[in-house]
Amino acid sequence: MSSPFPLPANFRRFLNAAAFAALTAVLAGWSWTQGPQSTFDTQGPVAKSQLQVFYTTLWVTGIIFVVVAAVLTYATLKFRARNEADEHAEPPPQSHGNPLIELSLIAASVFALVIIAVPTLHAIWYTYDVPEAEKANAYEINATGLQWWFRFEYPKEPVDGAGNLVTGNELVIPAKRPVRINLRTTDVIHSFWVPKLAGKVDMIPNRGNHLWLQADEPGYFWGQCAEFCGEDHAVMRFRVIALDEKDFAEWLARQKQPAQNPGAAVVASAEQLHIEPAVYKFERNSPGWSDQFDTNPLQHWKEKQAPEHDENPALVARGRKLFQEKTCISCHNIRGHEGVGVTAPDLTHVGSRTTIAGGLLENNAANLRRWITDPNGVKPHNKMYVGVPMGGAVMAGYMKRDATTGAFMPNIQLSDSEATALVAYLQSLK
Ligand code: CUA
């Protein structure tokens, strides 16, 4: 071996393994930088400024790492013990107090810190609130975290007789415009995060936080609660849909309308209705997303705004009736129809959303049926399943407590045809 540093065989094996691990990490990274929740695929000025801070810090610390590792490797190899005598040799003469070296190291450290600090402070300042010059153009939205979903309120969009426009789990915003989001929670600490648009900010009880973000172009973005908030924290998701000015105005106008009434006035009996067979069997944690959806989510969202092509008015009317009979109305509101609840997501236009169950499942007939017939299998111990605490009591959901034993027992049960009718009704709410 002609190398100046002949390496022991096991050390060479270690280097090979390390190189392989690094290559794997880089290749794996290549795919997750493209993913729907990648902070490297930035789509707005706030996320871009935060990514810039990451890269600045990475470069400075990366250079320090390479220099220190090179000196360490050199010293380790050059001065290693080569034979028996080396291992028992006296240490070489020691020295200390070299002012030139010490001052240069201090100066280099200060220089490195300044390079990191200046853009960091600038980004903190910039991302804290909408820039002064843009304030007049900013759009305002209130976001509230609940176990385990998000409520979005549009404070500048009053709805006749029903307060402000409220939606759930899908935040529709104007593109190319700063959006200021006021962050609140009704229970525990959550965190609002849209990786491609802006870094996370906590939603804290009794404290008003805010953030701002902007989507450079119309698009469909994934969001995620980023603070552990209970057993379903990991499946507390949402979407942000950024629309151009015209589409956004049209969406607002549609959303402000009460729920539509495509259903027939006379409710047909189950026998008169076409009921599909019970073919839906789901495993816990089985995926709820279609490849077809993922190829163009914004286009898919737009198509979702139109009425379902195979709507059955009689079935829809039966579903609307069941929505009352099965007590769904006590927690959910459907503006213009029955429904008084505010503890659960507003469902006035749930059929026009691309997601259900807190952004967990794609909104289609199969997933809706899965969600309303087995809520605990989709999102363990969610409040639709175990009920909502109301003062000292609990408003029962799919399960209720036995008064004497305290054991959970079934409260709401849906037959196959009832589930079909409810799904048809929910899908009709565009
Ligand atoms: Cu909400 Cu984690």
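Computed from a predicted model, the values in this text were never measured in an experiment. One-based numbering along the sequence shown. Excluded from the calculations below are hydrogen atoms, water molecules and symmetry mates; all remaining heavy atoms, backbone and side chain alike, are included.
Listed here is the closest heavy atom pair of Glu217 and Ala242: O-CB, 4.0 Å. Asn411 and Lys400 make their closest contact through OD1-CD, 3.8 Å (heavy atoms, listed as atom of the first residue, atom of the second, distance). Across Gln260 and His337, no two heavy atoms sit closer than the pair O-NE2, 3.0 Å. Summarising the geometry of Ala357 relative to Lys379, their closest heavy-atom pair is O-NZ, 3.2 Å, with the distance given to 0.1 Å. Heavy atoms only, all atoms of each residue included: Asp187 and Gly145 are closest at OD1-O, 4.0 Å.
Atom CZ of Arg207 is surrounded by 12 or fewer heavy atoms from other residues, nucleotides or ligands within 6.0 Å. Shown here is Asn16, whose CG atom has more than 12 heavy atoms of other residues, nucleotides or ligands within 6.0 Å.
Contact of the Arg353 side chain with the Asn169 side chain is not registered, since no non-hydrogen atoms from C-beta on lie closer than 4.5 Å. Put simply, the side chain of Pro45 reaches to within 4.5 Å of the side chain of Asp216, judged on heavy atoms. With contacts defined as side-chain heavy-atom distances shorter than 4.5 Å, the pair His190/Gln147 qualifies. Using a 4.5 Å heavy-atom threshold, the side chains of Glu157 and Gln255 count as separate. Side-chain contact check for Arg318 versus Glu418: some heavy-atom pair is nearer than 4.5 Å. In this structure, the side chains of Thr343 and Lys383 stay at 4.5 Å or more apart for every pair of heavy atoms. In this structure the side chain of Leu213 never reaches within 4.5 angstrom of the side chain of Phe221, judged on heavy atoms.
Ring orientation note: the planes of Tyr154 and Phe248 are tilted relative to one another, at an angle of 30° to 60°. The aromatic rings of Tyr74 and Phe79 stand perpendicular to each other, their planes meeting at an angle above 60°, with 30° marking the opposite boundary. Ring planes of His381 and Tyr385: tilted class, angle from 30 to 60°. Using a 30° and 60° split on the angle between ring planes, Phe192 and Phe152 fall in the perpendicular class, above 60°.
A salt bridge links Asp416 to Arg369: at least one charged side-chain nitrogen sits closer than 4.0 Å to a carboxylate oxygen. Look at Lys176 and Glu245 and you find no salt bridge, because none of the NZ, NE, NH1 or NH2 atoms lies under 4.0 Å from a carboxylate O.
Side chains of Asp202 and Ser191: a donor-acceptor N/O pair is present below 3.5 angstrom, by distance only. Between the side chains of Glu153 and Thr144, no donor-acceptor pair of N or O atoms lies under 3.5 Å.
Taken from CG in Asn182 to CD in Glu140, the straight-line distance is 4.5 Å, to the nearest 0.5 Å. Interatomic distance, CD1 of Ile141 versus CG of Asn164, reported as 12.0 Å (0.5 Å rounding). Here Ile334 contributes atom CD1 and Leu429 contributes atom CG; the two are 5.0 Å apart, rounded to the nearest 0.5 Å. With rounding to the nearest 0.5 Å, the separation of OG1 in Thr185 from CZ in Phe150 is 9.5 Å. Annotation: the span from Lys196 atom NZ to Gln43 atom CD amounts to 5.5 Å, rounded to 0.5 Å. Note that NZ of Lys200 and CD of Gln224 are 9.5 Å apart. Values are rounded to the nearest 0.5 Å.
Annotation: cation-pi geometry satisfied between Arg401 and Phe408 (NZ/CZ under 6.0 angstrom from ring centroid, within 45° of ring axis).
When each of Glu303, Glu170, Lys302, Arg239 is tested with Thr354 by the rule side-chain hydrogen bond (donor to acceptor under 3.5 Å, both in side chains), just one qualifies, namely Glu170.
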Compile the donor-acceptor pairs under 3.5 Å between side chains in residues 118-132 and protein atoms, sequence neighbours left out, one pair per line.
| residue | atom | partner | partner atom | Å |
| --- | --- | --- | --- | --- |
| Thr120 | OG1 | Ile116 | O | 2.6 |
| Thr127 | OG1 | Ala123 | O | 2.8 |
| Asp129 | OD1 | Arg180 | NE | 3.1 |
| Asp129 | OD2 | Arg180 | NH2 | 3.4 |
| Glu132 | OE1 | Lys135 | NZ | 3.3 |

